[in-house]
Structure formats: structure tokens, C-alpha cells
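Inspection log for the structure reproduced underneath, given as C-alpha cells.
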2 protein chains.
Amino acid sequence: MGSLTEENYIKSIYSLSQATGEVFVSELARKLEVKLPTVNSMIKKLASKKMVAYAPYQGIKLTEKGKREALGIIRKHRLAELFLVKVMGLGWEEVHDIAEQLEHVNSPRFYARIDELLNYPGFDPHGEPIPDSNGKIQLQKRTSLNDLAEGETAIITAVAEDEKSFLDHLNAKSLQIGNRITIVKKELFDCSITLQLKSKKEVMLTHQVAERILVDKLNGK
Amino acid sequence: MGSLTEENYIKSIYSLSQATGEVFVSELARKLEVKLPTVNSMIKKLASKKMVAYAPYQGIKLTEKGKREALGIIRKHRLAELFLVKVMGLGWEEVHDIAEQLEHVNSPRFYARIDELLNYPGFDPHGEPIPDSNGKIQLQKRTSLNDLAEGETAIITAVAEDEKSFLDHLNAKSLQIGNRITIVKKELFDCSITLQLKSKKEVMLTHQVAERILVDKLNGK
DNA sequence: ATATAATGTTAGACTAATCTAATATATTAA
DNA sequence: TTAATATATTAGATTAGTCTAACATTATAT
Ligand SMILES: [Mn+2]
Ligand SMILES: [Mn+2]
Ligand SMILES: [Mn+2]
Ligand SMILES: [Mn+2]
């Protein structure tokens, strides 16, 4: 286990690499809100610790060791979030910032107990998979709400964004993980989408919001 | 709120000052396991932040501001310990080290929720008082088990030591907070003490152990 | 009252994590 | 293919927190 700072770098490299496999110094600097030379020197350190593979002007890649470390931190983050919601009764919109701190707590006992109390959960309150103690994660299809056609029905399975303002927005629209929704209308002009909830209530979402809502199609399959 | 390091200094100054009011640089260095000059420079910083009052070669004294800060950290530590025992089902001997980390979590919401779930508790699993959100602590008499005479009966109300090895020892002797005990014998030679538990079982304790067990006399009053 | 011991301070160095300014490399666009 | 742009690296400085070695002050014990 490295320092808190090292852990945050590793975690960010992991999440940025999920799409592309490789991460650039500038991306990481943007994400961590530090300057390029700061990232440059930290990457050298992480490379010397064999957490990342790096050659100047090439991208950054986590080693197996680095990947294991990343998954361990992500596991703690997501277990913490679910615990905060399920056991402590906090809202899904307020747990991310607390989990950012709890993910650095070093206590196998603490996390084993959380895992046990939650009955070895597979997904966090935002629908993200929780790596098991070996770092294994359950794969899931991630279809965006925008990829549904008018008339299609689906279940909301995850959100691709942790930020409080985004989740507050979903709360205001009564959208939650597990909800069944049907596409009523897709606007050509601004790409906004209107849904119908199980309660028959209709809600309108911008493209930007719909994009971050992930669903499992029901009728299409 | 200062850094994690500053918080640990403030907390240690507070606990060392409980007896005497004033704390010496060397005491603090011993407690924090750092060298004298390290403490010296940190004290200067804390003085510049008005957390402590300090003049060279005099003792260190927390200011009101410093005291408030200390009580806030101690509150979080003790709430965390009780939460870990009562809600998460961990043993009183294993929670201190986790609380050392959780006490630095910055989230009023997290701690307000713990407080609420525990129904605004006054004491932690080791019998230490939990400061309320204004820093107010319930006073308690702290009579050592060694101060009882043969034949006297008392309730164990607290332990003056958080360390796992000590609490493991008490677990092995079936001693817990709330237990009613009676002094059966006090040895003159080695100052050891023999108690009888409610179960009629007798247990022998060394002076060193008995000293750290705090009780509330029943018959004497 | 002075020597000795205990305690505290200063000076200077080191590591981790950050920054700015200057420079280098790679990509893209004329 | 050269110029412009984007991206990355190096050099050198800064702050927090720590250290060792040398020196200073206070307390204690002849
Ligand atoms: Mn999160
Ligand atoms: Mn999440
Ligand atoms: Mn404790
Ligand atoms: Mn305690």
C-alpha cells in the first residue's frame, strides 16, 4: 500500500484506462487537478515501484500489481458507499465524498465486516460493480438511455456519474436504480428524451443527463 | 481543521494535559514517537495558528480554540468506536486502531448519522465519555479497582487503556464494562487482587491491570 | 555554588508532493 | 516540409513533516 496520494493516482489511472487501456499524463493532470510536472514525477515514482509501465512520451499503463491495488481501493470505495446507504441510511447522492475518504482506511477487518453485513454485494448504490476480495468484477452491459428507441422499455441499472448535483437532479425527477421506464418521445431538435415511469408520471431529460443513465433493455431482447 | 498530523498533535496534547494542565515537549515527543526538534517546530506552527499557547522552555497549553478542536476529534474517535462495536459487531479490543483512522474523516453528516443511530450516546465502549457536539463531556468519578477494600462491591465503568493486548487480557478474564464485581482478596506481597464475578467465578488480577480498571463503588455509598 | 543531568532550541539536511518557467518532443495543418 | 499546436520533460523552488548534530537553558545533586 502506498501513500494516500499514490492511491489516488492509481485509482485515477485505473478509471481513465477503462475506456482506452492507456492514459496520458495530461488526462491524469486534469483529473487530479494538478499540473503536468507533478504527474510526471509521480509517474516516475510509481514506475519505480512497478505499479505502472511508463516510457517518456508514451502512455501510462497499470501493471498487474497496479491493477490489483486499484481494484482494492475501488472495492473499498464501493463497499463504503453501499454501507453508507444500506446500513447508515444516507442518500446515494451524499455518499461518494465520504467514500473518497473511507477508501483509504487500512483495515481488512473493517471491510470484511462491511462485506459480511451487506451479504457480499455485487453492486454499489450507483450500480457500479464491486470487485470481490480477489479483484474479480461482474461484467455488465452498459447501454445508455440514449440508445433506446421510442416505445422501448428498460430497467435503470446504473449511473455513469457520482456527482452530487447529478444525483440530486435524478432524485428531483424520481429516478432510481431498479426503476422500469419506457421511452415516450425522443426530440430530434435537442435530443431530449421523455420517459414514462411505472407510476405513469412522465419526465423529460436532456441528452446530457440521459447519456449518464445506464439501462438493461427489457422488450428488445 | 488542520492536517492529519496537526490533529494528532492536538489530540495528544489534550490527553496528556488532562492530568496536569501543561504538557512538555519531551512528553509529546515520546507519545507521538517523534524526536524533540520535530515537536518543537510543530508547536511553533500550532502556536502561530493559536491552537496552543507556548513560550520557549515553558509547557504547552491548548487554547480554547485548540481545546475545541481536540474535543471534536475525540468525539469522532469515540463515536466511531461505539459504532464499530454496536452497529458493526466488532469487539471492543479491535476498534481503537480503526477509530484512529476514522477520527480524521471530515464529514459532519457521517458523524451526525452515527450519533443518531446510537441515540446520542454518552460513553464509548471503553467507558470514556463522548463529548457532545458542543464539546461538553459528562464528568465521572474514576476510582481505580485498586482503591477498593476487601469485601467491597462495585460496577466496572471504564478502562484507562485502549490497547488491544490489555483488552484481550480482560476478555480472557471475562471482565466487561457493566460487570458487578466484589473484592475477595488483596495480596500484600505483590498487590495482586482477587475478584468474584456475578457468575461466582473468581479471577486474579495484577496491580498493573487492576489500576487500569475503573469502577463505581456500590456498597461504600 | 558549581557540576551534572535533563530538557529544549537552533541549524541544516532530507523526502514527499506540489508549483512555475524553460525546454523538448510529437502531432497537425498549411 | 516546415510552422504551429498540443503534449511532455527538466530544472529549480516551495511547504509540510521529519531527522541528526550541536548548542542552550533549567533543574538537581553534591
Ligand atoms: Mn463514488
Ligand atoms: Mn459509486
Ligand atoms: Mn480509542
Ligand atoms: Mn475508547
Side-chain angles (χ1 to χ4, degrees), chain A residues 1-14 16-17 19-62 65-66 69-70 73 100-101 103-104 106, chain B residues 1-14 16-17 19-62 65-66 69-70 73 100-101 103-104 106:
Chain A
M1 240 213 355
S3 67
L4 187 148
T5 308
E6 284 168 15
E7 289 192 352
N8 283 333
Y9 275 79
I10 295 288
K11 188 169 58 119
S12 293
I13 295 166
Y14 182 89
L16 288 172
S17 70
T20 50
E22 252 188 1
V23 178
F24 295 93
V25 174
S26 49
E27 282 182 274
L28 200 45
R30 203 175 319 118
K31 173 131 180 166
L32 291 165
E33 300 182 76
V34 295
K35 304 295 174 178
L36 284 175
T38 307
V39 171
N40 187 263
S41 56
M42 180 55 85
I43 291 307
K44 283 184 199 161
K45 194 210 282 195
L46 292 175
S48 83
K49 291 188 173 187
K50 307 280 187 231
M51 302 300 286
V52 303
Y54 186 65
Y57 298 102
Q58 304 321 111
I60 304 157
K61 238 174 103 72
L62 287 177
K65 189 180 168 203
E69 173 95 355
I73 302 162
E100 283 291 311
Q101 300 180 64
E103 73 190 9
H104 303 289
N106 174 19
Chain B
M1 240 213 355
S3 67
L4 186 147
T5 308
E6 284 169 16
E7 289 191 352
N8 283 333
Y9 275 80
I10 295 287
K11 187 169 60 120
S12 293
I13 295 166
Y14 181 89
L16 288 172
S17 71
T20 50
E22 253 188 2
V23 177
F24 296 93
V25 175
S26 49
E27 283 182 273
L28 201 45
R30 202 174 321 116
K31 173 129 180 168
L32 291 166
E33 300 181 72
V34 295
K35 304 295 173 177
L36 284 175
T38 305
V39 171
N40 187 264
S41 57
M42 180 55 84
I43 290 306
K44 283 184 199 162
K45 193 209 284 197
L46 292 175
S48 84
K49 290 189 173 187
K50 308 277 187 231
M51 303 300 288
V52 303
Y54 186 66
Y57 298 102
Q58 306 317 116
I60 304 158
K61 239 175 101 70
L62 286 177
K65 189 180 169 201
E69 173 95 357
I73 303 162
E100 283 291 311
Q101 299 180 63
E103 74 191 6
H104 303 290
N106 174 19

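None of the values given here were measured: they were computed from a predicted structure. For the numbers below, each heavy atom of this structure counts, side chains included, while hydrogens, waters and symmetry mates do not.
Applying the salt bridge (Lys or Arg N to Asp or Glu O under 4.0 Å) rule to A:K49 yields the partners A:E6; only residues at least two apart in sequence or on another chain are considered.
Atom CG of B:L32 is separated from atom C1' of D:dC19 by 15 Å (rounded to the nearest Å). When rounded to the nearest whole Å, the span between CD of A:E27 and P of D:dT7 equals 10 Å. Taking atom CG on A:L28 and atom C1' on D:dT9, their separation rounds to 15 Å, with Å as the unit. Distance A:L4 CG to C:dT15 P: 21 Å, rounded to the nearest Å.
Other residues, nucleotides and ligands contribute more than 12 heavy atoms inside 6.0 Å of the NZ atom of A:K65. Within 6.0 Å of NZ on A:K35 lie no more than 12 heavy atoms contributed by other residues, nucleotides or ligands. The number of heavy-atom neighbours closer than 6.0 Å to NZ of B:K61, taken from other residues, nucleotides and ligands shown, is 12 or below.
Using a 4.0 Å heavy-atom criterion, one finds that A:S41 contacts the bases of the nucleic acid, with or without backbone contacts as well.
For B:K44 and C:dT10, the shortest distance from a side-chain N or O to OP1 or OP2 is below 4.0 Å. Contact annotation: B:S26 side-chain N/O to C:dT7 OP1/OP2 distance is not under 4.0 Å.
With rounding to the nearest 0.5 angstrom, the CG atom of B:N8 is 7.5 Å from the CD1 atom of B:I73.
Counting heavy atoms from C-beta outward, A:L46 and A:I60 have side chains that stay 4.5 Å or more apart.
Relative to the side chain of A:N40, the nucleotides C:dG8, D:dT9, D:dT18 differ in distance, and D:dT9 lies closest. With distances taken from any side-chain atom of B:Y9 to the nucleotides D:dG17, D:dT18, C:dT10, the minimum falls on D:dT18.
Each of B:M42 and A:A55 was assigned the nucleotide of DNA chain D with the nearest heavy atom; the assignment lying further toward the 5' end belongs to A:A55.
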Study note, to complete from the structure: In B/S/- notation (B base, S sugar-phosphate only, - none; protein heavy atoms under 4.0 Å), nucleotides 20-27 of chain D written 5' to 3' is BB--BSS-
